[in-house]
Enquirer: 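Take this structure, written in structure tokens, and hold onto it; I'll ask about it next.
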Amino acid sequence: MKFVKSKQIVVGLAASALATGLATVTASAEEVLNVYNWSDYIAEDTIANFEAETGIKVTYDMYDSNEVLEAKMLAGSSGYDVVVPTGDFLARGREAGAYQDLDLSRIANYANQDMGVQGFANQQIGIDNAGAVYMWGTTGVAYNVDMIAERLGDDAPTDSWALILDPKYASKLADCGVAILDAPTDVLPNVIAYQGGDGTSMNGKDFESAGDVLNAVRPHLRYVHSSQSINDIANGDICAAIMWSGDAFQAAYRAEEAENGHTIEYYIPKEGTNLWFDHFAIPADAKNLDNAYTFINYMLRGDVAAANVNYVWYASGNEAAKSDIDPEILEHPGIYPTAEAQKNLFVVPVYDARLDRTVTRVWSRFSSGS
Ligand code: N2P
């Protein structure tokens with residue numbers, strides 16, 4: 001493969017230049033890459049390792065919202081070469097011409113993907129090469145075991161969305177802090193499921209009524225935000241939150257490491273939740289295309305994928321990673337849901353422009369608290 005060979009030459013040059021003290025000469029080749037990824041979504045040394053191995057200098061920016069990424073992608077000229085949208089956003093962005101399809105022959109390590117996961121994720125998009133799954137997970141509830149027990153005792157519905165969505169419970173937790181993700185497509189479908197509806201609904205009326213449920217609980221919420229809860233729940237500054245699976249486990253781990261006395265648990269509510277897939281994707285106007293492919297290929301290497309999973313506690317799209325993933329993660333029902341839990345999982349469909357407008361309207365009324 002020509003592409004891989006040319007990269008090897010760059011690596012080889014960088015390595016020999018370093019060895020002979022000529023690093024500055026090679027650095028002037030200025031191989032660069034601009035990556036835009038979710039916050040708390042990569043091991044601490046992955047980028048440095050990639051740079052050392054390839055000689056490519058990475059600018060790594062972060063977001064915590066598909067909507068923020070989408071706005072940049074639709075506006076164009078974002079400057080990014082690799083981004084990580086969730087499947088439904090990738091599908092919509094692709095239809096709008098914001099993404100280029102991947103040339104899978106340029107990603108040798110695509111062969112490492114778990115084709116069960118990748119195939120399932122591809123169905124949401126409708127084609128096979130829009131993206132390569134990085135991580136996948138669920139949306140659920142994280143809570144501080146002692147703080148909830150103190151306030152709700154045996155009554156605590158720590159298996160249901162009711163803990164957050166029923167004002168009867170949320171009002172009793174307002175003093176210790178309740179938060180909801182600022183992620184309409186990860187929250188509204190679950191409110192619909194909580195109401196006994198179908199999480200894959202595309203009926204605007206279901207979204208209006210989900211908005212009513214959220215507005216009723218809004219006075220009891222500390223905030224609506226997607227990345228603040230990790231540290232806050234780990235530190236005991238909030239006590240319950242709708243969170244993404246891995247973020248909740250990262251919080252639990254941070255509390256454990258800090259030995260601060262807070263025990264954080266996460267559950268997939270019995271009413272069901274959404275299963276989402278985040279893909280590596282390339283914007284249509286990416287300037288550093290070769291380097292984008294080199295990066296995606298690197299991220300799909302089994303050992304690299306495993307190191308990232310062991311740090312962020314999300315499930316991997318990569319089969320080859322499994323032998324290096326911490327068994328505690330592989331066996332964790334909150335990360336790799338059991339067959340029983342899987343029965344209640346659904347994948348959010350790709351909304352059309354009209355439903356998208358309804359979602360935006362319902363959500364802004366809720367999140368602004370007006
Ligand atoms: C990482 C959040 C990624 C999950 N902090 C959203 N799909």
Side-chain angles (χ1 to χ4, degrees), residues 3-4 7-8 10-11 14-15 18 27 30-64 69 79-86 102 106-114 117-118 131-137 227 230-231 244-251 253-254 257 276-283 286 288-330 335:
F3 164 71
V4 172
K7 267 317 134 204
Q8 280 168 347
V10 174
V11 175
L18 281 171
E30 280 293 297
E31 285 288 341
V32 297
L33 176 72
N34 298 313
V35 177
Y36 197 35
N37 191 7
W38 294 87
S39 51
D40 301 295
Y41 219 29
I42 194 166
E44 282 172 315
D45 57 355
T46 305
I47 295 298
N49 292 343
F50 171 79
E51 290 181 329
E53 195 168 310
T54 61
I56 297 168
K57 171 91 191 68
V58 178
T59 302
Y60 187 85
D61 295 336
M62 291 172 285
Y63 53 90
D64 68 357
L69 170 63
Y80 294 113
D81 303 303
V82 176
V83 299
V84 191
T86 304
L102 300 183
R106 297 182 73 173
I107 310 172
N109 291 332
Y110 189 82
N112 291 338
Q113 288 295 79
D114 177 333
V117 169
Q118 182 72 56
V133 175
Y134 175 42
M135 308 266 181
W136 57 277
S227 49
I230 295 197
N231 274 333
W244 291 304
S245 44
D247 286 17
F249 296 116
Q250 288 179 57
Y253 182 75
R254 286 181 203 180
E257 286 289 285
W276 47 257
F277 303 89
D278 292 337
H279 299 247
F280 290 117
I282 303 183
N288 303 292
L289 196 54
D290 285 354
N291 296 344
Y293 277 109
T294 303
F295 182 75
I296 295 173
N297 196 47
Y298 180 81
M299 295 296 273
L300 298 191
R301 219 170 75 185
D303 60 323
V304 174
N308 287 322
V309 169
N310 289 336
Y311 189 81
V312 304
W313 293 65
Y314 279 100
S316 180
N318 195 290
E319 179 66 28
K322 284 197 173 147
S323 54
D324 289 328
I325 293 176
D326 184 343
E328 197 192 335
I329 294 179
L330 280 181
I335 303 176

Enquirer: The test is side chain to side chain contact (heavy atoms under 4.5 Å, CB included); show your working for Trp313 and Glu328 and say whether it passes.
Expert: CA-CA 10 Å; Trp313 293 65; Glu328 197 192 335; 3.9 Å; yes
Enquirer: Check Ala306 against Asp324 and note the closest heavy-atom contact, atom names and distance.
Expert: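 Heavy-atom minimum between the residues: CB-CB, 3.3 Å.
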Enquirer: Under a 4.5 Å cut-off applied to non-hydrogen side-chain atoms, are Asp114 and Ser316 in contact?
Expert: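 With C-beta onward as the side chain, the pair stays apart.
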Enquirer: To the nearest 0.5 angstrom, please state how far the CE atom of Met299 sits from the CD1 atom of Ile107.
Expert: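 One finds 12.5 Å between CE of Met299 and CD1 of Ile107.
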Enquirer: Go through the structure and list residues passing side-chain contact (heavy atoms from CB on, under 4.5 Å) with Asn288, not counting sequence neighbours.
Expert: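 For Asn288 the side-chain contact (heavy atoms from CB on, under 4.5 Å) partners, ignoring immediate neighbours, are Val32, Asn34, Asp81, Asn291.
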Enquirer: CG/Asn318 to CZ/Arg301 distance, rounded to the nearest 0.5 angstrom?
Expert: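 Spacing of CG (Asn318) from CZ (Arg301) equals 11.0 Å.
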Enquirer: For a side chain to side chain contact (heavy atoms under 4.5 Å, CB included) check, start with the C-alpha distance between Asp45 and Tyr311, then their side-chain angles and the critical distance, and finish with the verdict.
Expert: CA-CA 10 Å; Asp45 57 355; Tyr311 189 81; over 6 Å; no
Enquirer: Donor-acceptor pair, Glu51 side chain versus Lys57 backbone, under 3.5 Å?
Expert: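 No, because the side chain of Glu51 does not come within donor-acceptor range (under 3.5 Å) of the backbone of Lys57.
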Enquirer: For a quick test of reading the model, state the closest non-hydrogen atom pair linking Ala132 to Leu300 and the distance between them.
Expert: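 Looking at all heavy atoms of both residues, the shortest contact is CB-CD1, 4.0 Å.
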Enquirer: As a test of understanding, state which of Asp247, Asp40, Asn308, Asp278 forms a side chain to side chain donor-acceptor pair (under 3.5 Å) with Tyr314.
Expert: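 Single pass found, and it is Asp247.
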Enquirer: How close do Asn231 and Arg254 get, heavy atom to heavy atom, and via which atoms?
Expert: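 Result for this residue pair: OD1-NH1, 2.8 Å.
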Enquirer: Are the side chains of Val304 and Asn49 in touch, meaning some heavy atoms are under 4.5 Å apart?
Expert: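 No, too far: nothing below the 4.5 Å cut-off.
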Enquirer: Drop me the distance from Asp290's CG to Glu31's CD, to the nearest 0.5 angstrom.
Expert: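 One gets 7.5 Å once the value is rounded to the nearest 0.5 Å.
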Enquirer: Over all heavy atoms of both residues, which pair between Tyr60 and Met62 is shortest? Give the atoms and the distance, please.
Expert: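 For Tyr60 and Met62, the tightest heavy-atom pair comes out as CE2-CG, 3.7 Å.
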Enquirer: Among residues at least two apart in sequence or on other chains, which ones pass side-chain hydrogen bond (donor to acceptor under 3.5 Å, both in side chains) with Asp61?
Expert: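 Testing Asp61 for side-chain hydrogen bond (donor to acceptor under 3.5 Å, both in side chains), a comparison that skips the adjacent residues, returns Tyr80.
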Enquirer: For Tyr110, look at atom OH and say whether over 12 heavy atoms of other residues, nucleotides or ligands are found less than 6.0 Å away.
Expert: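 Enclosed: over 12 neighbouring heavy atoms sit under 6.0 Å from OH of Tyr110.
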Enquirer: Out of curiosity, Tyr41 OH to Asp64 CG, how far, rounded to the nearest 0.5 Å?
Expert: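 Nearest 0.5 Å value for the OH-CG distance: 13.0 Å.
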Enquirer: Out of Ile335, Ile329, Ile230, which one pairs with Phe249 under the side-chain contact (heavy atoms from CB on, under 4.5 Å) rule?
Expert: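 The residue from Ile335, Ile329, Ile230 that satisfies side-chain contact (heavy atoms from CB on, under 4.5 Å) with Phe249 turns out to be Ile335.
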Enquirer: Classify the ring geometry of Tyr134 against Phe280: parallel below 30°, tilted from 30° to 60°, perpendicular beyond 60°.
Expert: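 Tilted: the ring planes of Tyr134 and Phe280 meet at 30° to 60°.
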Enquirer: With a 4.5 Å cut-off on side-chain heavy atoms, are Ile56 and Phe295 touching?
Expert: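 Contact flag for Phe295/Ile56 side chains = no.
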Enquirer: Work out which heavy atom in Met135 is nearest to a heavy atom in Trp276; give both atom names and the distance.
Expert: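 The pair with the smallest heavy-atom distance is O-CZ3, 4.0 Å.
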Enquirer: Nearest 0.5 Å please: distance from the CD1 atom of Ile47 over to the CG atom of Leu33.
Expert: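 Atom-to-atom, Ile47:CD1 and Leu33:CG are 7.5 Å apart.
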Enquirer: Which value, rounded to the nearest 0.5 Å, describes the distance between Gln118 atom CD and Asn112 atom CG?
Expert: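 Going from CD on Gln118 over to CG on Asn112, the span is 12.0 Å.
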Enquirer: Of all the heavy-atom pairs spanning Ser245 and Gly137, show the shortest one and how long it is.
Expert: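 Where Ser245 meets Gly137 most closely, the heavy atoms are OG-CA, 3.6 Å.
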Enquirer: Using the side chain to side chain contact (heavy atoms under 4.5 Å, CB included) rule, take Tyr293 and Ile282 through it: C-alpha gap first, then chi angles, then the decisive distance, then the call.
Expert: CA-CA 9 Å; Tyr293 277 109; Ile282 303 183; 3.9 Å; yes
